[in-house]
Amino acid sequence: MARRYDPDRRTRIIDAALAVMAADGIAGLSHRTVAAEADVPLGSTTYHFRSLDELLIAALRRCNETFAQALRGSEVLAAPPATGAAAPVAGLADELTRLLGQWFAGERGAIELEYELYLAALRRPALRPVAAEWTEAAVEVLSRRTDPETARALVALMDGICLQVLLTGGSFDADHTREMLARVADGRE
C-alpha cells in the first residue's frame, strides 16, 4: 500500500494538541490523545514529534505567534513615534491596552491555554527558550516606540496584568491597564 502524502499533517497534529490541552490541560496530552483528536495514526504523532516536549514547543510557538502578530500588525506600533513628550507614551499605552482588550474579548479558554503553556516552562526546561521568544518578539516591536528597558518593563506589566485577570477570574480593566502602561512608558512610579 502506497504511503499517502499529507503536507498538512504536522499542522493538524499541532492543532489537535491545542484542542486536547484546551479540553483537558497539559496533563491530558499524550501522543495517543493527540492522534485520536487529529484522526491520524499514532505513529504520525511520534514521527513528527518524538517527545511530548517537542509537541509542547510547537504548540507554545503557535500560541506565541498569535499575539506577536497582533503587535507586529499594529499600525500604531509600526509608525514612528510622534513628537512631543506625551504623544508617544499615550499612543503606546492606548494601543497596548486596545490590543489586550481585543485579546480578552476573544475566547478566554485560548488565553488560559496560552498561559498554561507559557507557565509550563517553569517545570519543563525545553519550553523556556520558546517562552522567551514571546518576550523578545514583543520587546523588539515595542523598542521601535521606546527604549529596550522600558519595552521589557511594558511586556512584564502586560504579562502580570493578564495573569492577574486569569488567576482571579476577573475582567480586563482597560482604564487601569492604560494608566499603568502609561506610567511605565513615561517613567512615573
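The first residue in the sequence is number 1, and the count goes up from there.
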> Tell me, do Leu154 and Leu92 make a side-chain contact under 4.5 Å, heavy atoms counted?
Replying inline: yes
> Would you say Ser74's side chain and Leu71's backbone share a donor-acceptor pair under 3.5 angstrom?
Replying inline: no
>> Show, in sequence, the C-alpha distance, side-chain angles and deciding distance for Thr97 and Phe172, and conclude whether the side-chain contact (heavy atoms from CB on, under 4.5 Å) test is met.
In response: CA-CA 10 Å; Thr97 300; Phe172 177 70; 4.2 Å; yes
>> Using only atom types and a distance under 3.5 Å, with no angle test, would you say the side chain of Arg145 pairs donor to acceptor with the backbone of Val76?
In response: yes
> Would Thr135 and Arg152 satisfy side-chain contact (heavy atoms from CB on, under 4.5 Å), going step by step from the backbone distance to the final call?
Replying inline: CA-CA 8 Å; Thr135 300; Arg152 196 165 293 286; 3.5 Å; yes
> Going by an N to O cut-off under 4.0 Å, is there a salt bridge joining Glu65 and Arg61?
Replying inline: no
> Would a distance-only check, ignoring hydrogens and angles, find a side-chain to backbone donor-acceptor pair under 3.5 Å from Thr45 to Leu42?
Replying inline: yes
> Can you tell me if Asn64 uses its side chain to pair, donor with acceptor, with the backbone of Val130 under 3.5 Å?
Replying inline: yes
>> For Asp39, give me all partners under side-chain contact (heavy atoms from CB on, under 4.5 Å), at least two apart in sequence or on another chain.
In response: none
> Between Val141 and Arg72, what is the shortest heavy-atom contact and its length?
Replying inline: CG2-CG, 3.6 Å
> With distance as the sole test, does Asp8 use its side chain to make a donor-acceptor pair with the main-chain N or O of Thr11 at under 3.5 Å?
Replying inline: no
> Does CZ belonging to Arg50 count more than 12 external heavy atoms closer than 6.0 Å?
Replying inline: no
>> Less than 4.0 angstrom from a charged side-chain N to a carboxylate O is my criterion; do Arg178 and Glu95 meet it?
In response: no
>> Quick check: do Arg12 and Val40 have side-chain heavy atoms less than 4.5 Å from each other?
In response: yes
> Can you tell me how far CG of Asp173 sits from CD of Glu179, rounded to the nearest 0.5 angstrom?
Replying inline: 11.0 Å
>> How long is the straight-line distance from CG of Asp94 back to CG of Leu99, given to the nearest 0.5 Å?
In response: 11.0 Å
>> Is it the case that over 12 heavy atoms from other parts of the model lie below 6.0 angstrom from the CZ atom of Arg108?
In response: yes
Could you list the donor-acceptor pairs under 3.5 angstrom formed between side-chain atoms of residues 162-170 and any protein atom two or more places apart in sequence or on another chain?
unit_1: Thr168; atom_1: OG1; unit_2: Gln164; atom_2: O; d: 2.7
unit_1: Thr168; atom_1: OG1; unit_2: Gly170; atom_2: N; d: 3.2

> Can you find a pair of side-chain heavy atoms, one from Glu114 and one from Trp134, that are under 4.5 Å apart?
Replying inline: no
> Can you name the closest pair of heavy atoms from Ala38 and Ile13 and give their distance?
Replying inline: CB-CA, 4.3 Å
>> Assess the residue pair Asp15 and Arg62 against the criterion (side-chain contact (heavy atoms from CB on, under 4.5 Å)); give the C-alpha distance rounded to whole Å, side-chain angles, the decisive distance to 0.1 Å, and a yes or no.
In response: CA-CA 9 Å; Asp15 291 342; Arg62 168 85 58 81; 2.3 Å; yes
>> Test of understanding: with ring-ring contact (aromatic ring centres under 6.0 Å, His included), list the residues that count as partners of Phe49, not counting sequence neighbours.
In response: none
> Between Thr33 and Asp24, is any pair of side-chain heavy atoms under 4.5 Å apart?
Replying inline: no
>> Could you walk me through whether Leu55 and Leu29 satisfy the side-chain contact (heavy atoms from CB on, under 4.5 Å) test, starting with their C-alpha distance in whole Å, then the side-chain angles of each, then the deciding distance to 0.1 Å, before giving a yes or no?
In response: CA-CA 9 Å; Leu55 188 52; Leu29 186 72; 4.2 Å; yes
> Out of curiosity, Leu60 CG to Ile26 CD1, how far, rounded to the nearest 0.5 Å?
Replying inline: 8.5 Å
>> I'd like to know if the side chain of Asp159 pairs up with that of Tyr118 as donor and acceptor (distance under 3.5 Å, no hydrogens or angles considered).
In response: yes
>> For a quick test of reading the model, state the closest non-hydrogen atom pair linking Pro125 to Pro129 and the distance between them.
In response: O-CD, 3.5 Å
>> Please find the pair of heavy atoms, one from Pro148 and one from Val139, that lie closest to each other, and give the distance.
In response: O-CG1, 4.1 Å
>> Determine whether a donor-acceptor pair (N or O, by modelled atom type, separation under 3.5 Å) exists between the side chain of Arg124 and the backbone of Asp53.
In response: no
> Just how far is it from atom CD of Glu37 to atom OG of Ser30, taken to the nearest 0.5 Å?
Replying inline: 11.5 Å
> Which atom pair, heavy atoms only, marks the closest approach of Leu18 to Ala59?
Replying inline: CD2-CB, 3.7 Å
> Which distance, rounded to the nearest 0.5 Å, do you find between the CD1 of Ile161 and the NE2 of His176?
Replying inline: 6.0 Å
>> Looking at every heavy atom in both Leu96 and Leu142, which two are closest together, and how far apart are they?
In response: CD2-CD2, 3.7 Å
>> Within this structure, what is the CD1-CZ distance for the pair Ile14 and Arg9, rounded to the nearest 0.5 Å?
In response: 13.5 Å
